[in-house]
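Contents: one structure, followed by commentary.
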Amino acid sequence: MLTEPTVADAIDRVYVSIQSDNADIDAHIASLKAALVREGLKEAVFDPARLVQNNRSGRKLMQAYFRQRGVTVKFSA
């Protein structure tokens, strides 16, 4: 039986995808969105230190891209 990924698993897959030049990013975002719904969460929290472009424009671009796909992104301090 396949288990659905947790929010933490889905976020880790997004990090891997970002490191791999955004390979399959849309599928990982959809998986993250489903995990958020299952766990009753409203937003995904990412560690900016793990992003390829950890600057304001990179973070804003990521937030906009995820928002278009129905996922709210926040960054840890």
Side-chain angles (χ1 to χ4, degrees):
M1 180 176 123
L2 283 174
T3 59
E4 297 292 328
T6 64
V7 170
D9 291 338
I11 287 174
D12 283 339
R13 291 176 186 169
V14 169
Y15 286 131
V16 170
S17 176
I18 289 170
Q19 296 293 331
S20 303
D21 202 25
N22 297 331
D24 300 323
I25 190 72
D26 290 332
H28 295 304
I29 293 171
S31 175
L32 174 58
K33 183 177 178 181
L36 287 167
V37 169
R38 277 194 308 279
E39 294 184 24
L41 300 173
K42 299 274 186 231
E43 60 194 30
V45 180
F46 287 86
D47 177 1
R50 293 184 65 185
L51 301 178
V52 173
Q53 286 194 310
N54 181 20
N55 57 27
R56 185 175 190 281
S57 64
R59 291 188 303 270
K60 292 296 178 188
L61 181 66
M62 181 178 173
Q63 285 178 315
Y65 191 82
F66 279 60
R67 185 174 42 247
Q68 289 173 348
R69 283 144 187 84
V71 176
T72 302
V73 170
K74 299 285 182 203
F75 297 100
S76 58

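Side-chain atoms are counted along with the backbone in the values below, which use heavy atoms only and exclude waters and symmetry mates. Since the model is a prediction, treat every value here as computed from it, not as a measurement.
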*All pairs passing salt bridge (Lys or Arg N to Asp or Glu O under 4.0 Å) where residues 50-59 contributes a residue, at least two apart*: Asp12-Arg50
*Examine distances only and state if a side-chain atom of Ser20 and a backbone atom of Ala23 form a donor-acceptor pair shorter than 3.5 Å.*
no
*State the CD1-CG distance between Ile29 and Leu36, to the nearest 0.5 angstrom.*
11.5 Å
*asked:* Using a 6.0 Å cut-off, check whether atom CG of Asp21 has over 12 heavy atoms from anything other than its own residue.
replied: no
*Using a 4.5 Å cut-off on heavy atoms from C-beta on, say whether the side chain of Phe75 contacts that of Gln63.*
yes
*Treating Ile, Leu, Val, Met, Phe, Trp and Tyr as nodes and any side-chain heavy-atom pair under 4.5 angstrom as an edge, say whether Leu32 and Leu41 lie in one connected cluster.*
yes
*Any side-chain heavy-atom pair from Lys33 and Arg69 closer than 4.5 angstrom?*
no
*asked:* I need the Arg13 CZ to Asp24 CG distance, nearest 0.5 Å.
replied: 11.5 Å
*asked:* Which heavy atom of Ser17 sits nearest to which heavy atom of His28, and what is that distance?
replied: CB-CD2, 3.5 Å
*What closest approach, in Å, do Ser31 and Pro5 show between heavy atoms, and which atom pair accounts for it?*
OG-CG, 3.2 Å
*In Å and rounded to the nearest 0.5 Å, what is the OG1 to CZ distance from Thr72 to Arg67?*
8.0 Å
*Is there side-chain contact between Met62 and Ile18, with heavy atoms separated by less than 4.5 Å?*
yes
*Side chains of Ile11 and Phe46: closer than 4.5 Å at any heavy-atom pair?*
yes
*Do the side chains of Val52 and Gln19 get nearer than 4.5 Å, heavy atoms only?*
yes
*Answer yes or no: is there a side-chain heavy-atom contact under 4.5 Å between Val73 and Glu43?*
no
*Are Asn22 and Tyr65 linked by a side-chain donor-acceptor pair shorter than 3.5 Å?*
no
_Any donor-acceptor pair under 3.5 Å from Tyr15 side chain to Asp47 backbone_ = yes
